[in-house]
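Treat the numbers as computed from the prediction; the structure is a model and nothing was measured.
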Amino acid sequence: MISVETTLTAVGIIGNIISLMLYLSPMPTFVQIWKKGSVGQFSSVPYLATLLNCMLWVVYALPMVHPHSMLVLTINGSGALIELTFVLLFIFYSDVKQRFKVIVMLLVEFAFVACIAVLVLTLAHTVAARSLVVGSVCVFFGTLMYAAPLSVMKLVITTRSVEYMPFFLSLAAFANGICWTIYALIRFDLFITIPNSLGMLFGLAQLILYATFYKSTQRQIEARKVKGEVGLADHVVVVVI
């Protein structure tokens, strides 16, 4: 008989692997930035948003805030390092004006997370109280991040094209939401359940849209090839947040 702890660990490890793949998914974008020597029209917002989300979950998973959350700590710690690397690369390849804005936003994020951590650890004297405060903040920002694909989904419906929504990215997001929702339900954790169940639903919705508009997308691509046009998907950045 497999114990609950063994199942929890197995699901958490799978979730770590899938999440790591999602965090690394913007690599092609930064290879492109490196080759061009400029960030061009790319935005730093998705990477800053993901970094903030990861740092908040790191605080949540600390033993003195929410004990027995090592797998949550490992993946969000890794995610924070990856996203920080992306942000630093973005700063390096930005122009002076853009670089200043990104640095200011990065410092604001560090200050915000530090304030949350210090206030919770000094003013909240029980694990339950600390988990409630930090978990609520994580749910708020996590929900905002998982709702981000709504804009892409609207674009897909409007254009009847899934060029802007890569299939494997949507599939990975769906699988990630399933893994972490199961993880949260095994040892019920409402704060992990809410954003990840939303991520699972949004991922499923993206897959349904992909199946619905795949044929119309192929027709549009073929029509552009005949006209000798370049696909817009070559200029769209898809980032998992």
Side-chain angles (χ1 to χ4, degrees), residues 1-26 46 49-83 127-150 152-153 165-212 238-241:
M1 186 70 179
I2 300 175
S3 67
V4 172
E5 286 299 322
T6 301
T7 304
L8 187 70
T9 301
V11 173
I13 291 173
I14 295 172
N16 269 246
I17 294 170
I18 297 174
S19 296
L20 187 61
M21 292 170 59
L22 288 173
Y23 287 135
L24 291 172
S25 63
T50 307
L51 174 61
L52 175 61
N53 188 63
C54 287
M55 289 192 296
L56 288 170
W57 281 110
V58 165
V59 175
Y60 177 80
L62 292 174
M64 64 285 293
V65 176
H66 195 78
H68 313 298
S69 301
M70 182 55 66
L71 290 171
V72 177
L73 181 62
T74 54
I75 188 53
N76 284 286
S78 301
L81 290 175
I82 292 169
E83 297 303 324
V127 167
R130 292 169 181 170
S131 295
L132 176 62
V133 174
V134 181
S136 298
V137 175
C138 287
V139 166
F140 176 75
F141 285 100
T143 300
L144 290 179
M145 288 186 61
Y146 275 119
L150 286 173
V152 178
M153 292 164 65
M165 191 175 67
F167 172 76
F168 288 107
L169 202 57
S170 298
L171 181 61
F174 176 59
N176 186 65
I178 289 177
C179 276
W180 287 109
T181 299
I182 293 173
Y183 177 90
L185 291 175
I186 291 174
R187 183 195 289 154
F188 187 69
D189 188 321
L190 182 63
F191 302 117
I192 296 178
T193 301
I194 293 174
N196 284 288
S197 59
L198 287 175
M200 178 181 65
L201 292 175
F202 286 135
L204 178 60
Q206 290 177 54
L207 293 176
I208 293 172
L209 283 177
Y210 195 93
T212 302
V238 180
V239 181
V240 178
I241 59 180

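Minimum interatomic distance between Q206 and S170 (heavy atoms only, all atoms of both residues): OE1-OG, 2.9 Å. Summarising the geometry of M64 relative to V127, their closest heavy-atom pair is O-CG2, 4.1 Å, with the distance given to 0.1 Å. Counting all heavy atoms, side chain and backbone alike, C54 lies closest to A80 at CB-N, 3.7 Å. Residues C179 and G15 share a closest heavy-atom pair of CB-CA, 4.0 Å. Considering every non-hydrogen atom in both P195 and I192, the closest pair reads CD-O, 3.6 Å. The two residues I82 and L24 have their closest heavy-atom pair at CD1-CD2, 3.8 Å.
Counting non-hydrogen atoms of other residues, nucleotides and ligands closer than 6.0 Å to CE of M153 gives a total above 12. The local environment of CZ in F168 is sparse, with at most 12 non-hydrogen atoms from other residues, nucleotides or ligands closer than 6.0 Å.
Looking at N76 and Y23, their side chains come closer than 4.5 Å, going by heavy atoms from C-beta outward. Two residues are said to be in side-chain contact when any heavy atoms from C-beta on lie closer than 4.5 Å; L20 and I75 meet this criterion. A heavy-atom distance below 4.5 Å is found between the side chains of V58 and L73. Under the 4.5 Å side-chain criterion, counting only non-hydrogen atoms from C-beta, W57 is not in contact with V134. Between D189 and H66 there is a side-chain heavy-atom pair separated by less than 4.5 Å. Taking the side chain as every heavy atom from C-beta outward, N16 and W180 approach each other to under 4.5 Å.
Atom CD1 of I13 sits about 6.0 Å away from atom OG1 of T9, to the nearest 0.5 Å. Between atom CG of residue L204 and atom CZ of residue F202 there is a gap of 11.5 Å, rounded to the nearest 0.5 Å. Here the CG atom belonging to L62 is positioned 9.5 Å from the CE atom belonging to M70, to the nearest 0.5 angstrom.
One N or O on the side chain of T181 and one on the backbone of S197 form a donor-acceptor pair closer than 3.5 Å. Between the side chain of S131 and the backbone N or O of V65 there is at least one donor-acceptor pair closer than 3.5 Å.
Shown here are the ring pair (Phe, Tyr, Trp, His ring centres under 6.0 Å) partners of F167, two or more places apart in sequence or in another chain: Y210.
Just one residue in the list V72, I14, N196 forms a side chain to side chain contact (heavy atoms under 4.5 Å, CB included) with Y183, and that residue is V72.
Side-chain N/O atoms of N176 and S19 include a donor and acceptor closer than 3.5 Å.
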